[in-house]
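The block underneath contains the structure these notes are about, expressed in structure tokens.
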Amino acid sequence: KTMEKEINVGIIGYGMSTVVFNAPLIVNTPGLHLYAIVQRSSPPNPSSPPSSTSSSSTSSSSSEVQPKGKYCAIDYMGKGVKQYTTSDDLLKDSKVDLVVICTSNTSHFSLSKSALEHGKHVLVEKPITTTTEEADILIALAKQQNKLLTVFHNRRWDSDFMTVKSLLHSGVFGNLTDVTSQYDRYRPELKKGSWRVQKIPGSGVLFDLGSHLIDQAVVAFGLPDWLSAVVQKWRAIWDDDVEVGFVLQFGYQKNEAKAREIPMMVTMKCSSLSCLERQLRWQVRGVHGVFTKYEMDTQEEALKINGNEAPKQPSFGEEPTSSHGVLSSFDSSSGLFRAEKIPSKKGSYLSLYENVTKVIQGWEGGGGGRMEELEVKPQQARDVIRLIELCYQSHAEGRRIFIDSSSLQRPL
């Protein structure tokens with residue numbers, strides 16, 4: 001029997017990605033130990049306990065109690081988590097096994113590269129990088145260093161996507177005709193100052209939310225044969241050149257080898273100004289049935305409310321019955337249409353980190369020689385970036401882009 005070594009995790013960055021998603025998942029994954037966090041700023045009074053409010057404090061008075069999610073030194077006080085103020089200090093720490101990078105998109109490449117060069121395993125927030133060329137460099141470096149490189153494509157474990165995958169596997173649709181996948185929200189006010197709305201590489205909703213939808217489409221249906229894209233910038237509303245929505249179409253030709261007897265199309269949409277109480281998430285249509293699903297996975301909201309305690313709750317990842325999708329079909333014997341509520345699969349963001357843990361344990365020999373297959377492969381994340389680049393090209397040129405081995409390579 002082999003002893004599986006606990007994996008020391010160091011996180012770079014202490015924004016929403018860390019506070020809401022990665023830190024709570026790490027501390028609730030057996031085999032992982034949250035060892036250190038990099039945050040440049042420190043609280044004015046580190047001995048103050050965190051407040052339960054999530055609102056930001058505007059005063060620097062040391063007498064004020066600081067809100068949760070602002071300073072790691074307060075949130076993890078007395079829990080044995082180190083704070084470093086620079087990424088260099090973290091990377092020089094020989095006790096750090098896995099580096100999780102939760103910073104702005106423009107820094108993903110440089111920080112991942114540095115972590116790999118320091119001999120660390122790396123999990124980086126999506127998108128892996130802002131260009132295909134950078135992703136290719138990281139993949140080659142990880143192979144050279146014999147270290148894990150993966151990406152936080154957590155929405156593969158959304159309850160709605162897991163439900164769609166299960167229905168696809170069941171064959172209930174027959175031949176697919178078209179699929180709509182939407183990530184809409186209503187945000188009429190622009191979040192000024194956020195790097196996501198600045199004119200820098202990797203900003204905008206196509207990189208932010210489109211990377212999720214594209215990754216899900218490729219996981220479920222494979223790489224498309226062609227794509228077309230329109231990226232929306234509504235200057236008249238916000239008086240700025242800000243990306244607020246997109247419509248992407250992925251086309252799949254008839255392919256008997258892939259059991260695709262007729263052509264099909266996947267449409268991915270995102271709008272920041274969708275004034276609806278219940279947003280459409282999926283519509284999957286086939287010759288024998290249609291699945292319609294409203295509302296998003298519940299895990300993000302649970303993590304925002306309950307933080308590190310959320311994954312401990314038995315209901316974490318479960319959807320209320322009111323959010324379950326409906327499968328519509330036609331009964332040829334009765335000549336009637338029928339509708340059936342389909343219970344949602346339980347979402348499981350923890351599965352991503354559980355997989356990473358097993359892969360690293362096998363890698364380092366602590367898994368008794370077992371080698372778990374990595375779920376989110378860096379090449380898959382790299383292909384998402386290339387498809388985003390081709391979407392921008394399609395938008396700029398106003399034409400359909402055909403996908404082959406040549407177009408999937410990075411441009412010269």
Ignoring hydrogens, what is the shortest heavy-atom contact between [X] and [Y]? Give both atom names and the distance.
| X | Y | answer |
| --- | --- | --- |
| Met264 | Leu176 | CB-O, 3.7 Å |
| Ile26 | Leu32 | O-CB, 3.8 Å |
| Ala217 | Met268 | CB-SD, 4.0 Å |
| Ser181 | Leu213 | OG-CD2, 3.5 Å |
| Ala259 | Asn175 | O-OD1, 4.4 Å |
| Cys391 | Phe250 | SG-CE1, 4.3 Å |

Do [X] side-chain atoms and [Y] backbone N/O form a donor-acceptor pair below 3.5 Å?
| X | Y | answer |
| --- | --- | --- |
| Asp97 | Asn8 | yes |
| Thr163 | Ser159 | yes |
| Gln393 | Ile401 | no |

Does any donor atom in the side chain of [X] or [Y] lie under 3.5 Å from an acceptor atom in the other side chain?
| X | Y | value |
| --- | --- | --- |
| Ser228 | Arg399 | no |
| Ser348 | Ser351 | yes |
| Tyr183 | Asp208 | no |

Is any NZ, NE, NH1 or NH2 atom of the basic residue among [X] and [Y] found under 4.0 Å from an Asp or Glu carboxylate oxygen of the other?
| X | Y | value |
| --- | --- | --- |
| Asp297 | Arg155 | no |
| Lys358 | Glu354 | no |
| Lys269 | Asp184 | no |

For residues 116-124, run the donor-acceptor check on the side chains, cut-off 3.5 Å, and write out each pair with its distance to 0.1 Å, sequence neighbours left out.
from, atom 1, to, atom 2, distance (Å)
Glu117, OE2, Lys113, NZ, 2.7
His118, ND1, Ser114, O, 2.8
Lys120, NZ, Asp93, O, 2.7
Lys120, NZ, Val96, O, 3.0
His121, ND1, Leu148, N, 2.9
His121, NE2, Glu364, OE2, 2.7

[Y] side chain reached by [X] side chain, heavy atoms, under 4.5 Å:
| X | Y | answer |
| --- | --- | --- |
| Phe109 | Thr130 | no |
| Thr103 | Glu125 | no |
| Thr298 | Pro320 | yes |
| Leu111 | Ser87 | yes |
| Pro43 | Lys70 | no |
| Ile7 | Tyr35 | no |
| Leu303 | Phe316 | yes |
| Ser407 | Phe402 | no |

Only distances under 3.5 Å count here; give the side-chain donor-acceptor pairs of residues 282-296 to other protein atoms, sequence neighbours excluded, each with its distance to 0.1 Å.
from, atom 1, to, atom 2, distance (Å)
Trp282, NE1, Asp160, OD1, 2.9
Gln283, NE2, Thr292, OG1, 3.1
Arg285, NE, Asp178, OD1, 3.3
Arg285, NE, Asp178, OD2, 3.0
Arg285, NH2, Asp178, OD2, 3.0
Lys293, NZ, Glu295, O, 3.2
Lys293, NZ, Glu319, OE1, 3.3
Lys293, NZ, Glu319, OE2, 3.3
Lys293, NZ, Ser323, O, 3.0
Glu295, OE1, Ser323, OG, 2.5
Glu295, OE2, Arg278, NE, 3.1

To the nearest 0.5 Å, how far apart are CD1 in Ile12 and CD in Gln39?
13.0 Å
The complete set of ring pair (Phe, Tyr, Trp, His ring centres under 6.0 Å) pairs with one or both residues in residues 12-34, sequence neighbours excluded, reads none
For residues 255-279, which residue pairs qualify under ring pair (Phe, Tyr, Trp, His ring centres under 6.0 Å), counting only residues two or more places apart or in two chains?
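Found none.
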Partner of Asp215 by salt bridge (Lys or Arg N to Asp or Glu O under 4.0 Å), out of Arg156, Arg382, Lys377, Lys126
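The option that passes is Arg156.
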Looking at Lys312, I'd like to know if its NZ atom is crowded, meaning that more than 12 non-hydrogen atoms belonging to other residues, nucleotides or ligands lie closer than 6.0 Å.
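Above 12, so yes.
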Qualifying residues under ring-ring contact (aromatic ring centres under 6.0 Å, His included), relative to Tyr392, sequence neighbours excluded:
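Checked Tyr392 against ring-ring contact (aromatic ring centres under 6.0 Å, His included); zero matches.
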Taking only residues two or more places apart in sequence, or in another chain, which ones meet Lys346 in a side chain to side chain contact (heavy atoms under 4.5 Å, CB included)?
Glu318
What do the steps show when you test Asn28 against Tyr349 for side chain to side chain donor-acceptor pair (under 3.5 Å), and what is the final call?
CA-CA 11 Å; Asn28 283 285; Tyr349 291 167; over 6 Å; no
